[in-house]
Amino acid sequence: MTIMPTIVIQPVLFELGQHTISTLKESLSEELNASSIVTLSSIKEIPVQLFDKQRKQWNSSTILQWLSDMFKPSSKSARLLFICDFDSYSDELNFVFGEAYVDGNVSAIYLPRLRQEFYGLKPDESFFYQRQGSSS
């Protein structure tokens, strides 16, 4: 018997708009066959030590570890998805769109590089939502 996961979406350092929440819920329901999807209020503060001043980016690996330590899932079938609206890198990678623990229940996605305007292009909301859905 397969246990369908509960997905918990929690923004970090910003508020998610209703359209983004709806899009994420739709994509996650289809992709992960979730039993339910819950959206929590934003995490308002994270340790500044996780920010690399030289790179002007957040360290995804240390953020993921901190989130994993601070926010434990309520059940074994719960999956925590942290949505971050800041740029991040991991180890030797210049940037990441997201990071997760293999066989784990904690993941984070980073929105800035999913937006056209990050690359100096004209904003394209439709393309942003399409990319966002495929990154999760």
Side-chain angles (χ1 to χ4, degrees):
M1 179 172 158
T2 303
I3 298 173
M4 294 189 310
T6 296
I7 308 297
V8 178
I9 299 171
Q10 188 164 23
V12 179
L13 302 180
F14 82 113
E15 298 297 328
L16 278 173
Q18 276 307 118
H19 188 259
T20 302
I21 291 170
S22 298
T23 303
L24 275 171
K25 284 184 174 183
E26 184 179 315
S27 294
L28 291 169
S29 290
E30 291 173 16
E31 293 293 322
L32 301 176
N33 196 26
S35 62
S36 65
I37 299 176
V38 178
T39 306
L40 300 180
S41 60
S42 178
I43 295 169
K44 303 290 186 199
E45 204 172 301
I46 60 176
V48 294
Q49 304 91 292
L50 306 179
F51 185 76
D52 186 319
K53 291 178 185 175
Q54 284 185 313
R55 294 179 68 115
K56 298 182 178 139
Q57 291 175 297
W58 292 87
N59 184 316
S60 180
S61 298
T62 58
I63 287 173
L64 201 59
Q65 184 62 57
W66 181 79
L67 290 168
S68 182
D69 292 343
M70 296 299 294
F71 303 94
K72 302 287 184 204
S74 57
S75 74
K76 287 191 182 241
S77 67
R79 303 291 181 255
L80 305 178
L81 174 59
F82 295 96
I83 312 294
C84 307
D85 199 13
F86 49 80
D87 196 27
S88 188
Y89 73 98
S90 183
D91 298 323
E92 300 300 318
L93 300 174
N94 290 333
F95 65 89
V96 292
F97 294 110
E99 189 169 356
Y101 290 132
V102 176
D103 295 328
N105 55 5
V106 177
S107 60
I109 62 170
Y110 303 97
L111 301 180
R113 291 178 186 262
L114 298 175
R115 293 189 179 96
Q116 292 287 87
E117 54 268 36
F118 184 89
Y119 304 97
L121 302 171
K122 181 176 79 170
D124 184 339
E125 193 171 299
S126 174
F127 190 56
F128 169 68
Y129 287 114
Q130 179 184 3
R131 291 179 107 181
Q132 181 181 306
S134 65
S135 71
S136 47

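The analysis underlying the following values was restricted to heavy atoms, covering all of them including side chains, and did not include hydrogens, waters or symmetry mates. Throughout, numbering of the chain's residues begins at 1 and tracks the sequence.
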Heavy-atom side-chain proximity of Asp91 to Ser61 below 4.5 angstrom: yes
Checking the side chain of Ser35 only, and the main-chain atoms of Pro5 only, is there a donor and an acceptor separated by less than 3.5 Å? yes
Tell me whether Tyr89 is reachable from Ile63 by hopping between hydrophobic residues (I, L, V, M, F, W, Y) whose side-chain heavy atoms are closer than 4.5 Å. no
Tell me, please, which residues at least two apart from Pro47 pass side-chain contact (heavy atoms from CB on, under 4.5 Å). Gln49, Leu50, Trp66
For residues Leu80 and Gln10, determine if any side-chain heavy atom of one lies less than 4.5 Å from a side-chain heavy atom of the other. no
Tell me yes or no: between the side chains of Asp87 and Gln57, is some donor less than 3.5 Å from an acceptor? yes
Is Leu40 linked to Phe14 within one hydrophobic cluster, defined over Ile, Leu, Val, Met, Phe, Trp and Tyr using a side-chain heavy-atom separation of less than 4.5 Å? no
If you measure only the distance, is there a donor-acceptor pair under 3.5 Å linking the side chains of Ser68 and Tyr101? no
Can you check whether Leu67 reaches Ile43 side chain to side chain, under 4.5 Å on heavy atoms? yes
Taking side chain as C-beta onward, heavy atoms only, is Phe71 less than 4.5 Å from Val106? no
So, using side-chain contact (heavy atoms from CB on, under 4.5 Å) as the criterion, who are the partners of Ser75 when residues are at least two apart? Ser77, Ala78
Would a distance-only check, ignoring hydrogens and angles, find a side-chain to backbone donor-acceptor pair under 3.5 Å from Tyr119 to Arg113? yes
Heavy-atom distance under 4.5 Å between the side chains of Ile83 and Ile9, does that happen here? yes
Taking every heavy atom of Asp52 against every heavy atom of Arg55, the minimum-distance pair comes out as OD1-N, 3.1 Å
Just so I know, are the side chains of Leu64 and Phe82 near enough to count as touching, which here means a heavy-atom distance under 4.5 Å? no
Using a 3.5 Å distance criterion without hydrogens, assess whether the side chain of Ser90 forms a donor-acceptor pair with backbone atoms of Ser60. no
Just to verify, what does Phe51 make a ring pair (Phe, Tyr, Trp, His ring centres under 6.0 Å) with, not counting sequence neighbours? Trp58
